Enquirer: 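Just dropping this structure here.
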Amino acid sequence: MHSPVLLVIAHGSRDPRHAATVHALVERARALRPGLRVETGFLDFNAPAVPQVLERLAAEGVEDVVALPLLLTRAFHAKADIPAVLRGAPPALRIQQADVLGPSPLLLSALERRLYEAGLDADQKRSTGLVLASAGSTDPEAIAVIADVARELRHTGWCAVRPAFASASLPRTEDAVRELRAQGVRRVAVAPYVIAPGRLPDRIAAGAQEADVLADVLGPAPELARLLLERYDEARSERPLAITA
């Protein structure tokens, strides 16, 4: 019996760095589990589009697919866009939608990895204020998750943690940096809580000009590759959702 195909569903972007980062992350997941077939589809801007991948899999005789949203929170794309696309899949496919990536301890580990790669020393953590900068959302559930992640990070030893958003919500990255400075925090680091480069991560970077450290996006961090497989395994062990056409 063949294992279900893992279909990683990314948002897509006009920025070519986005798709390149997604493909690098998926390739890393493939390397961790060589026997698993992993495909990539995009909701917009990039090829292949999710419906094209689903049609191709059905034509090849694939029966089972685990669709994994490459998203950090359960906002509009996870709740509406992706289920709608999956409902239009060929009837021969049995599709289980996996959960989004966050929250997860692996994401926090990847976040700290990027901060240390950007030049922050581990022994500076307790004297550093951290801005957790996400893309932003109008979904209250997604905003609440970011607040929870910030609180969790605070418990891991940072002297202060403030969430910030590149769009839809406030505060902006630059405002969170200034707030920490006003509170007497001498060293401030900005950690983009986003997967791939693009317009909103660039906005985060622009807002981090007064910070001491700016980490890279999470990208193809090994922790994220492990998390893709973890969500795949969780979906396989759960009762399938009614997404078949």
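Treat the numbers as computed from the prediction; the structure is a model and nothing was measured.
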Enquirer: Show me the side-chain donor-acceptor pairs of residues 222-232 shorter than 3.5 Å, one per line, residues at least two apart or across chains.
Expert:
| from | atom 1 | to | atom 2 | distance (Å) |
| --- | --- | --- | --- | --- |
| E223 | OE1 | R113 | NE | 3.0 |
| E223 | OE2 | R113 | NE | 3.0 |
| E223 | OE2 | R113 | NH2 | 3.0 |
| R231 | NE | V100 | O | 2.8 |
| R231 | NH1 | E234 | OE1 | 3.1 |
| R231 | NH1 | E234 | OE2 | 3.3 |
| R231 | NH2 | L101 | O | 2.7 |
| R231 | NH2 | P103 | O | 3.2 |
| Y232 | OH | P4 | O | 2.6 |

Enquirer: Linking I/L/V/M/F/W/Y whenever any side-chain heavy atoms sit under 4.5 Å apart, do V217 and L107 land together?
Expert: no

Enquirer: Is it true that a side-chain atom of R17 and a backbone atom of P197 form a donor plus acceptor pair closer than 3.5 Å?
Expert: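 Absent.
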
Enquirer: Heavy atoms only: give me the nearest L68-A98 pair and the separation to one decimal.
Expert: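 What the structure gives for the nearest pair is CD1-CB, 3.8 Å.
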
Enquirer: Would you give the length of the straight line joining atom OG of S137 to atom CZ of R74, rounded to the nearest 0.5 angstrom?
Expert: 11.5 Å

Enquirer: Okay, side chain of R30, backbone of V38: is any donor-acceptor separation there less than 3.5 Å?
Expert: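 Here the side-chain-to-backbone pair exists.
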
Enquirer: Quick check on the hydrophobic clustering: are L7 and L71 connected, directly or via other members, by side-chain heavy-atom contacts under 4.5 Å?
Expert: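 They do share one cluster, since a chain of ILVMFWY contacts under 4.5 Å joins L7 to L71.
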
Enquirer: Taking side chain as C-beta onward, heavy atoms only, is P83 less than 4.5 Å from Q97?
Expert: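 With C-beta onward as the side chain, the pair touches.
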
Enquirer: Would you mind reporting whether L111 and V149 have side-chain heavy atoms less than 4.5 Å apart?
Expert: no

Enquirer: Give me the atom names and distance for the closest heavy-atom approach of L86 to A67.
Expert: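 Taking every non-hydrogen atom into account, CD1-CB, 3.7 Å.
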
Enquirer: Salt bridge check: are D233 and R236 linked by an N-O gap of less than 4.0 Å?
Expert: no

Enquirer: Could you check whether R181 pairs with E210 (Lys NZ or Arg NE/NH1/NH2 to Asp/Glu carboxylate O, under 4.0 Å)?
Expert: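 The answer is no: the pair does not qualify as a salt bridge.
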
Enquirer: Output yes when a side-chain donor or acceptor of R172 lies under 3.5 Å from a complementary backbone atom of S169, and no otherwise.
Expert: yes

Enquirer: If I compare all heavy atoms of L132 with all of A150, which pair ends up nearest, and what's the gap?
Expert: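 Closest heavy-atom pair between L132 and A150: CD2-N, 3.8 Å.
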
Enquirer: Which heavy atom in P192 sits nearest to a heavy atom in L218, and how many Å separate them?
Expert: O-CG, 4.2 Å

Enquirer: Can you check whether T73 reaches D139 side chain to side chain, under 4.5 Å on heavy atoms?
Expert: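 T73 does not reach D139 side chain to side chain.
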
Enquirer: Is V50 linked to L57 within one hydrophobic cluster, defined over Ile, Leu, Val, Met, Phe, Trp and Tyr using a side-chain heavy-atom separation of less than 4.5 Å?
Expert: yes

Enquirer: Which pairs count as ring-ring contact (aromatic ring centres under 6.0 Å, His included) when at least one residue sits in residues 32-66, sequence neighbours excluded?
Expert: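 Output for this query lists H23-F42.
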
Enquirer: Take D148 and R151 through the salt bridge (Lys or Arg N to Asp or Glu O under 4.0 Å) test and state the conclusion after the steps.
Expert: CA-CA 5 Å; D148 288 343; R151 282 191 289 270; 2.2 Å; yes

Enquirer: State, to 0.1 Å, how close L25 and A221 come at their nearest heavy-atom pair, and which atoms those are.
Expert: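 Nearest pair, atom of L25 first, then A221: CD1-O, 4.2 Å.
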
Enquirer: Filter on side chain to side chain donor-acceptor pair (under 3.5 Å), then keep only pairs touching residues 185-194, sequence neighbours left out; what's left?
Expert: S127-R187, T128-R187

Enquirer: So, E63 side chain and H2 main chain: donor-acceptor pair closer than 3.5 Å or not?
Expert: no

Enquirer: Can you give me the closest heavy-atom contact between L54 and A89, atom names plus distance?
Expert: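 Reported closest heavy-atom pair: CD1-CB, 3.7 Å.
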
Enquirer: Any side-chain heavy atom of R56 within less than 4.5 Å of one from E39?
Expert: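 Answer yes - side chains close enough.
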
Enquirer: Counting N and O atoms only, with roles assigned by atom type, does the side chain of D212 sit under 3.5 Å from a partner on the main chain of A189, one being a donor and the other an acceptor?
Expert: no

